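Residues: numbered from 1 along the sequence shown. In each ligand, atom 1 is the first atom listed, and ligand 1 is the first ligand listed. Just so we're clear, the structure is a prediction, and the values are computed from it rather than from any experiment.
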Amino acid sequence: MRNNKVVAADARTVTVLGATGSIGDSTMDLLRGARGRYSVVALTANSNVDALAKLAKEFGAQFAAIADPARLGQLKDALAGTGIECGAGESAVIEAAARPADWVMAAVSGAAGLKPALAAVDRGAAVALANKECLVCAGDFFMQRAAKAGACILPADSEHNALFQALSSGNREELVRVIITASGGPFRTWAARDIEQATLAQALKHPNWSMGQKITIDSASMMNKGLEVIEASYLFALSADEIDVLVHPQSIIHGMVEFSDRSVVAQLGAPDMRIPIAHCLGWPDRIVGPSARLDLAKIGQLTFEAPDFERFPGLRLAYESLRTGRGATTVFNAANEVAVAAFIAGQIRFGAIARLVEATLNDWIRGGNLAPLSSADDAISVDHNARNRAAALLPQIALKAS
Ligand code: NAD
Ligand code: MG
């Protein structure tokens with residue numbers, strides 16, 4: 001039966017893309033806690049029909065979309081008699097984003113989230129953007145398209161959400177630089193030769209955050225911070241020189257902005273993604289969040305270190321691709337997605353992730369393919385070619401020891 005929850009007449013309509021993932025779970029938790037204030041239009045997932053159907057029923061969604069086209073029958077069966085419409089395949093996920101909802105959480109993992117996120121952007125929705133890969137893949141045109149459509153991009157990534165909050169303390173001319181913090185991941189104190197040989201289980205042990213598999217591995221390689229440097233550049237129109245990374249193992253300060261008078265404005269909070277998501281959900285107001293209050297006396301110490309670009313070459317490659325521009329960040333992201341999948345599949349060592357990204361970037365630059373991206377088709381074509389190049393380079397990277 002369709003959920004019989006009471007929804008206020010002025011309830012805000014919301015859609016969650018990637019509802020069954022880690023960010024999706026935090027988002028649904030916030031929506032659950034604010035029953036009646038939000039009405040769910042659409043929910044999507046990649047392949048987990050049971051989890052998607054359960055959420056769609058619980059929240060009385062209008063539409064549920066599963067990306068795997070082979071699972072349409074299963075989803076129909078699971079939602080039979082509920083009145084909830086369903087669809088399958090990439091086009092159904094895009095349709096979910098395009099259906100009118102005031103607020104959309106873009107929390108698909110990887111560049112696969114680009115087209116759905118753009119569908120929400122193009123109709124001028126408020127889009128809470130967790131899916132950093134789609135922004136890194138799409139370069140500047142994503143924000144240009146958002147501006148043209150009147151869409152409001154709300155950064156859900158904790159560091160960018162922190163910057164979004166801190167940036168309101170001054171104007172663009174007064175800004176000197178932004179600083180995004182990094183926990184340093186599980187290999188922060190490891191020697192380079194040990195990082196090279198790290199296992200999947202070791203890479204998946206993040207010290208502070210509980211997240212999906214891809215981003216957890218990206219955090220161990222610090223590719224995640226690299227993606228975030230690029231994300232900050234596109235989101236806030238900042239040059240590479242205006243973005244610094246600071247290792248802060250406690251993950252309490254998420255981002256800071258330095259202004260011309262030397263004031264540094266920071267945002268703090270427990271490492272709980274429901275805090276930045278609640279900020280996006282309530283924006284421009286603030287809602288009452290369920291997260292633990294910050295007890296700095298109990299934490300006692302906040303410490304900081306400079307990032308190590310030698311042991312974590314992914315961070316260097318991110319800055320290089322941002323400075324290169326013209327599709328290089330698309331290649332950086334695509335090659336990293338291929339490398340992470342290969343590492344999970346046991347085809348390459350942990351240390352080879354960055355080597356594959358670097359080899360793909362060099363190959364692509366040598367090929368003289370530098371050109372600004374102006375459309376989703378451009379970005380998807382560069383992404384596709386870069387994946388093919390990375391896949392072709394994979395065997396020789398796999399064989400080469402460090
Ligand atoms: P996750 O793997 O836990 O969840 C991903 C979601 O996307 C799932 O619902 C999955 O079903 C769906 N999905 C995966 N591939 C898909 C495809 N090809 N088509 C359609 N749907 C697909 O990932 P996550 O940790 O929730 O991260 C989601 C995004 O948010 C990522 O871009 C990540 O970098 C970003 N992010 C995550 C966190 C975090 O704490 N987890 C923090 C900041 C940013
Ligand atoms: Mg982050």
J.: Report, in ascending order of atom number, the atoms of ligand 1 lying under 4.0 Å from any heavy atom of A112.
T.: 17 (C), 18 (N)

J.: Ring centroids only, cut at 6.0 angstrom: are F350 and F187 within range, meaning strictly under it?
T.: yes

J.: For ligand 1, find out whether one of its N or O atoms is nearer than 3.5 Å to an N or O atom of G212.
T.: yes

J.: Let's go through K115 and I380 carefully: what are the C-alpha distance in whole Å and the side-chain angles of both, what is the deciding distance for side-chain contact (heavy atoms from CB on, under 4.5 Å) to 0.1 Å, and is it a yes or a no?
T.: CA-CA 9 Å; K115 280 190 185 169; I380 287 162; 3.2 Å; yes

J.: Salt-bridge test for R316 and E310: reply yes if a basic N is under 4.0 Å from a carboxylate O, no otherwise.
T.: no

J.: Where the closest heavy atom to atom 37 (C) of ligand 1 is concerned, which of L17, I23, T27 has it?
T.: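 Nearest option to atom 37 (C) of ligand 1, by heavy atoms: I23.
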
J.: So is there a nitrogen or oxygen of G18 less than 3.5 Å from a nitrogen or oxygen in ligand 1?
T.: yes

J.: Provide the number and element of each atom of ligand 1 under 4.0 Å from a heavy atom of A130.
T.: 30 (O), 32 (O), 35 (C), 36 (N), 44 (C)

J.: Name the orientation class of the two ring planes belonging to F164 and W283 (parallel below 30°, tilted from 30 to 60°, perpendicular beyond 60°).
T.: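 It falls in the tilted class, 30° to 60°.
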
J.: Does R349 count as lying over the ring of F343, i.e. NZ or CZ under 6.0 Å from the six-ring centre, within 45 degrees of the axis?
T.: no

J.: State, yes or no, whether a side-chain contact exists between L163 and Q267 at a heavy-atom distance under 4.5 Å.
T.: no

J.: Where is the nearest protein heavy atom to atom 33 (C) of ligand 1: which residue, which atom, and how far?
T.: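 The protein heavy atom lying closest is I215 CD1, 3.9 Å.
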
J.: For the Mg ion (ligand 2), find the closest N/O/S atom on E159 and give its atom name.
T.: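 This residue's closest N, O or S atom turns out to be OE1.
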
J.: Checking one value in my table: which N/O/S atom of E228 lies closest to the Mg ion (ligand 2)?
T.: OE2

J.: Please confirm whether N131 comes within less than 3.5 Å of ligand 1 when only nitrogen or oxygen atoms on both sides are compared.
T.: yes

J.: Look at E196 together with R311 and state whether they make a salt bridge at an N to O cut-off of under 4.0 Å.
T.: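 Salt bridge: no.
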
J.: The Mg ion (ligand 2) is nearest to which N, O or S atom of D157?
T.: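 Answer by atom name: OD1.
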
J.: Does an N or O from S22, backbone or side chain, lie closer than 3.5 Å to an N or O of ligand 1?
T.: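 Checking ligand 1 against S22, an N or O pair does fall under 3.5 Å apart.
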
J.: Show which atoms of ligand 1 fall inside a sub-4.0 Å distance from at least one heavy-atom site of A107.
T.: 5 (C), 6 (C), 7 (O), 28 (C)

J.: Does some side-chain heavy atom of R37 sit less than 4.5 Å from a side-chain heavy atom of I287?
T.: yes

J.: In ligand 1, which numbered atoms sit nearer than 4.0 Å to a non-hydrogen atom of A67?
T.: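 In order of numbering, the contacting atoms are 19 (N), 20 (C).
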
J.: Out of all atoms in ligand 1, which are within 4.0 Å of some heavy atom of A45? Include the element for each.
T.: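 Listed by number with element, the hits are 11 (O).
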
J.: To the nearest 0.1 Å, how far is atom 29 (C) of ligand 1 from its closest protein heavy atom, and which atom is that?
T.: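 It is V108 O, 3.5 Å.
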
J.: Between the side chains of S183 and H206, does any donor sit under 3.5 Å from an acceptor?
T.: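 A donor-acceptor contact under 3.5 Å links the two side chains.
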
J.: Within the structure, does T20 bring an N/O atom to less than 3.5 angstrom of an N/O atom in ligand 1?
T.: yes

J.: Closer than 4.0 angstrom, basic N to acidic O: yes or no for E231 and K225?
T.: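 Here E231 does not pair with K225 in a salt bridge, since their nearest N and O are not under 4.0 Å apart.
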
J.: Between D218 and K214, does any side-chain N to carboxylate O distance fall below 4.0 Å?
T.: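 Yes, charged N to carboxylate O under 4.0 Å.
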
J.: In ligand 1, which numbered atoms sit nearer than 4.0 Å to a non-hydrogen atom of A19?
T.: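 Result: 9 (O).
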
J.: Please say whether G21 places an N or O atom under 3.5 Å from an N or O atom belonging to ligand 1.
T.: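 Yes: some nitrogen or oxygen of G21 is under 3.5 Å from one in ligand 1.
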
J.: Within 45° of the axis and under 6.0 Å from the centre of the six-membered ring of F259, does NZ or CZ of R177 qualify?
T.: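 No - R177 does not lie over the ring of F259 by the 6.0 Å and 45° rule.
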
J.: A side-chain contact here means heavy atoms from C-beta on lying under 4.5 Å apart; do V104 and V14 qualify?
T.: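 A side-chain contact under 4.5 Å is absent here.
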
J.: I need the nearest protein heavy-atom contact for atom 42 (C) of ligand 1: residue, atom name and distance, please.
T.: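 Checked against all protein heavy atoms, atom 42 (C) of ligand 1 sits closest to M273 CE, 3.6 Å.
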
J.: Is it the case that the side chains of N333 and E337 hold a donor-acceptor pair, with the cut-off being a distance below 3.5 Å and no angle test?
T.: yes

J.: Please say whether N46 places an N or O atom under 3.5 Å from an N or O atom belonging to ligand 1.
T.: yes

J.: Do any nitrogen or oxygen atoms of E133 come within less than 3.5 Å of a nitrogen or oxygen of ligand 1?
T.: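 By distance alone, the answer is yes.
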
J.: Which atoms of ligand 1 have any heavy atom of D157 under 4.0 Å away?
T.: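 Taking each heavy atom of D157 in turn, ligand 1 has 43 (C), 44 (C) under 4.0 Å.
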
J.: If you have a sec, work out which protein heavy atom is nearest atom 34 (O) of ligand 1 and how many Å separate them, to one decimal?
T.: K132 CE, 3.2 Å

